[in-house]
Amino acid sequence: MHYRDQYDQSINQSSEYWLDKAQSISWFKAPTIGLAQTSASDYSWFEDGQLNTCYLAVDYQVEQGRGDSIAFYYDSPVTGTKQKISYKELLKRVSVFAGAMRAAGICKGDTVIIYMPMIIESAVAMLACARIGAVHSVVFGGFAARELALRIDDIQAKLVITASCGIEFDKVIAYKPLVDEAVQLAQHKPLKTIVLQRDILRAELKGQRDIDWFDFIQDAQPVDCVSLNSTDPLYILYTSGTTGKPKGVVRDNGGHAVALKLAFNEIYGLVENDVWWAASDIGWVVGHSFIVYGPLICGASSIFYEGKPIKTPDAGAFWRILAEYRVNAMLCAPTAFRAIRGTDSSGSLYKPYVSKHLRWVFVAGERLDSSTYQWLSKLLKVPILDHWWQTETGWPITSPMMGLDNPKPTRLGSTNCCTPGYDLRILDDAGQETLPGTSGNICLKLPLPPGVSTSIWNQPDRYANAYLLDYPGFYKSGDGGYKDEDGYVYITGRIDDVINVAGHRLSTTEMEEIVSAHEAIADCAVVGAVDSLKGQVPIGLVVLKSDTKISADQLRLELVANVRQQIGALACFKEVFVVKRLPKTRSGKILRAVLRKIAAGESYQIPTTIDDPKILVEIEACLKQRT
Ligand code: COA
Ligand code: AMP
């Protein structure tokens, strides 16, 4: 089918279109209803369907004769380990781990935290939860104990599944003490902490709560998949919003499986037995959709890489993976390629690994700068395809569709056109659609297609307040951008207090709360500034209390330590500038939009509401000191 026909049908006859797509997966009870909608914002997909996502990802693949095919290649340069896990082997591991969870009293609807590095057991834990209808919430290993505690409390986790450590370049990061601290901080106490011991650093197991992974499964019997409603939750994934408290994005089972099948086949252009690599982490949405669930649902082989683009051992690591596993397509954040280029600008380390199998490379998570695009295209000589999506959507909103006969050609700077089901409009602040080429707020007309989250865990009103309130009938993406006359979309960046650091989404409001809690601070703002490697990094602009004696250097050390301790190292908060005042409106509101522009090195208009325009000159001069 051609893109235009398919896209038009997905918008004009969306219920029929998606019901037809739903036939591409194996249901326990096939849905007869596509879209059920009672109002613009109250709708669901495939509500009478029943299925199990673990069944689709594992059992179904074995039933189709792919038992001996590779589900996961595990490649860990940081431990010097490589493994191949077949679908049959995965089924065995997952069904036994699910049996152990069941024996420990975990039932459908119970919640489980997974705080693990990039090892196969993480996927086993995720799939085992899906198998018995437990709802998992994976927390990225770079988050600190306080963030973990927030999530344990918010989902009232019955279990925490972790490993003794993660490995970052040559640093071994002990996970278990962080989990212990989180459990201590949390009001809610999980029943058990299951610990996968890694040889490089074993954890101390204490009391009744802690149990070794292998002791946990020792007497377990394998269990079958339970039948779930399409709309039952599969997982909760926390992401940064504009408040200090992260949002628990809820993903359903049915819509998610149908959307991932379409995305993997028609967007990424891959089929069963192809080899796919999403170079990310299971702690992010890319890891959920396209390291674990998507490729397996489509019977492909997915790569679990426990390493970095550089220094593990060198900037040729990615090229080795592409060649060694005969990868057909990959997905990655541009920052990883910037890191490789920064170390090996001539691309000499690619020469031993020139890949004959690679068809194309997708990038997302942050803006693809043109010089990285040019460098990569020239080096790999395959299409480099920018596409745009978010944790909330779970799959691409705009992208070339490489599985169709006539994918739309790329246009420099654009993330391409809408994928099926997304009706994207650019609205101005008054809610009017802008003209082609004119920037505005990127919004998506409701209903959103299957797989896209429609709720925030535990906070019934937060979804509507965060996404639906400003533009009735639309979902507000939080990104700004424009469309050209042919419907190609250009993302210009976030219009809120979210920043993207090395493809990781972080809230500046959350950092501000930590910074402002310091006793020497009278006022502060944290904004994203340009960084040549990570795209953006947070910087703090602080006004000191008049009676404080602390030196600027000491203050910086303390603030950096506080953010690291309370959010985690991944925040990359390292720069603090002391200023006399912050720019404010006459009514006392900090002019954040202007600060964002100054920090990003963009031109800006001095707001008419500003109380003292001179302060902007001081801040600009101050930020010029950045190296
Ligand atoms: N567990 C524990 N700590 C972690 C971690 C994890 N899983 N991931 C990152 N961290 C820590 C790092 O050790 C580092 O700590 P440090 O300040 O003590 O050195 C900090 O968080 C920042 O890490 P990172 O952003 O990875 O920066 P880096 O300088 O170590 O590496 C890159 C730079 C470009 C190599 C790296 O950022 C990278 O690989 N980026 C790609 C990210 C990506 O794939 N994003 C896609 C999301 S879809
Ligand atoms: P996350 O929810 O962590 O996946 O982050 C989503 C955010 O990353 C989006 O709202 C954008 O701000 C940004 N993003 C994702 N893909 C792109 C892209 N291709 N170009 C520019 N920004 C992107």
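Read the numbers this way: they start at 1 and go in the same order the structure lists the ligands and their atoms. These numbers come from the heavy atoms of this one structure, side chains and all, not from hydrogens, waters or symmetry mates.
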Inspect the contact between Arg411 and Asp484 and indicate whether a charged nitrogen and a carboxylate oxygen are less than 4.0 angstrom apart. yes
Is a salt bridge present between Arg626 and Glu575, judged by a nitrogen-to-oxygen distance below 4.0 Å? yes
With only distance considered, is [X] within less than 3.5 Å of ligand 2 through an N or O on each side?
X: Glu392; answer: no
X: Gln390; answer: yes
X: His387; answer: yes

Phe318 vs Tyr305 aromatic rings, parallel, tilted or perpendicular, using cut-offs 30° and 60°? perpendicular
Over 60° means perpendicular and under 30° means parallel, so tell me whether Tyr235 and His136 are parallel, tilted or perpendicular. parallel
To which protein heavy atom is [atom] closest, and what is the distance rounded to 0.1 Å?
atom: atom 7 (C) of ligand 2; value: Asn500 ND2, 3.8 Å
atom: atom 3 (O) of ligand 2; value: Arg505 CB, 3.3 Å
atom: atom 1 (P) of ligand 2; value: Thr391 OG1, 3.4 Å
atom: atom 12 (O) of ligand 2; value: Asp479 OD1, 2.6 Å
atom: atom 23 (C) of ligand 2; value: Glu366 N, 3.6 Å

Hey, does Asp497 have a side-chain heavy atom less than 4.5 Å from the side chain of Arg596? yes
Decide if atom CG of Asp199 counts as having more than 12 heavy atoms of other residues, nucleotides or ligands within a radius under 6.0 Å. no
From CA spacing to verdict: side-chain contact (heavy atoms from CB on, under 4.5 Å), Ile119, Arg198: CA-CA 10 Å; Ile119 53 178; Arg198 307 187 77 190; 3.3 Å; yes
Heavy-atom contact under 4.0 Å between Trp389 and ligand 2? yes
Any Gly365 heavy atom less than 4.0 Å from ligand 2: yes
Under a 4.0 angstrom heavy-atom cut-off, which atoms of ligand 2 come close to Arg367? 20 (N), 21 (C), 22 (N)
Which of the atoms of ligand 2 are close to Thr415, meaning less than 4.0 Å from one of its heavy atoms? 19 (N)
Answer with side chain, backbone, both or neither: which part of Leu368 has a heavy atom less than 4.0 angstrom from an atom of ligand 2? neither
Hits for ring pair (Phe, Tyr, Trp, His ring centres under 6.0 Å) against Trp276, two or more places apart or cross-chain, chain-then-number order -> Phe264, Tyr268
Applying side chain to side chain contact (heavy atoms under 4.5 Å, CB included) between Trp389 and each of Thr398, Val285, Ile267, report the one that passes. Val285
The reported gap from CH2 in Trp213 to CD in Gln197 (rounded to nearest 0.5 angstrom) is 12.5 Å
With sequence neighbours left out, which residue pairs that include part of residues 439-448 fulfil the side chain to side chain donor-acceptor pair (under 3.5 Å) condition? Asp429-Asn441, Asn441-Tyr471
By side chain to side chain donor-acceptor pair (under 3.5 Å) - contacts of Gln536 (at least two apart): none
Near ligand 1, at a heavy-atom separation below 4.0 Å: residues by chain and residue number: Phe140, Gly141, Gly142, Glu168, Phe169, Lys171, Ile173, Tyr175, Ala279, Ser280, Trp284, Val286, Lys308, Pro309, Ala333, Thr335, Ala339, Ala502, Gly503, His504, Lys534, Arg564, Ala569, Leu570, Cys572, Lys574
